[in-house]
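Each remark here refers to the structure printed beneath this line.
Please read these numbers as outputs of a predicted model, since none were measured by experiment.
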Amino acid sequence: MPALVVIHDGEGDWLIGDGVNDPNLPGSSDVYCIACTTENDPSLSELAGLPPGFAAFRDGPGLPWTVEPFSYDDEQG
């Protein structure tokens with residue numbers, strides 16, 4: 001699946017997802033080095049400056065990224 005969601009959370013962690021599958025299900029997530037992910041999808045390097053607390057979304061590979069503030073549901077007031 002292509003990367004359609006990139007999150008740089010407030011703790012400084014990076015999460016990359018397909019925006020379709022639930023990453024919380026057992027066996028559905030894995031850890032990769034960021035260099036390996038950008039080799040597979042060079043457009044991810046466009047988001048290297050994404051500040052903590054923001055996420056980028058796109059509708060499909062090769063389409064532009066939309067950036068917006070991000071927080072986990074349990075962090076919202």
**Message:** One pair to check against side-chain contact (heavy atoms from CB on, under 4.5 Å): I34 and L44. What are the steps and the verdict?
**Reply:** CA-CA 9 Å; I34 198 69; L44 293 173; 5.9 Å; no

**L4 vs P61 side-chain heavy atoms within contact, under 4.5 Å** = yes

**Request:** Check which hydrophobic residues are tied to V20 through side-chain heavy-atom contacts below 4.5 Å, counting indirect links as well, and list them.
**Result:** M1

**Message:** Holding to side-chain contact (heavy atoms from CB on, under 4.5 Å), I want the full list of residues that pass it with C33, two or more places apart in sequence or in another chain.
**Reply:** A35, C36

**Item:** Summary of ring pair (Phe, Tyr, Trp, His ring centres under 6.0 Å) pairs that have at least one residue in residues 4-44, sequence neighbours excluded
**Value:** H8-W14

**Prompt:** How would you list all residue pairs meeting salt bridge (charged side-chain N to carboxylate O under 4.0 Å, His left out) that involve residues 37-58, not counting sequence neighbours?
**Reply:** D41-R58

**Item:** Those residues that, when tested against S29, pass side-chain contact (heavy atoms from CB on, under 4.5 Å) (two or more places apart)
**Value:** P23

**Fill in**
For V5 and G19, the nearest pair of non-hydrogen atoms, with its separation, is CG2-CA, 3.7 Å

**Message:** If the condition is side-chain hydrogen bond (donor to acceptor under 3.5 Å, both in side chains), which residues does N24 pass it with, not counting sequence neighbours?
**Reply:** D22

**Message:** Restricting to side-chain contact (heavy atoms from CB on, under 4.5 Å), what partner residues turn up for D9, sequence neighbours left out?
**Reply:** I7, E11, D13, L15, F70, Y72

**Complete:** residues 37-67 vs ring pair (Phe, Tyr, Trp, His ring centres under 6.0 Å), sequence neighbours excluded, gives none

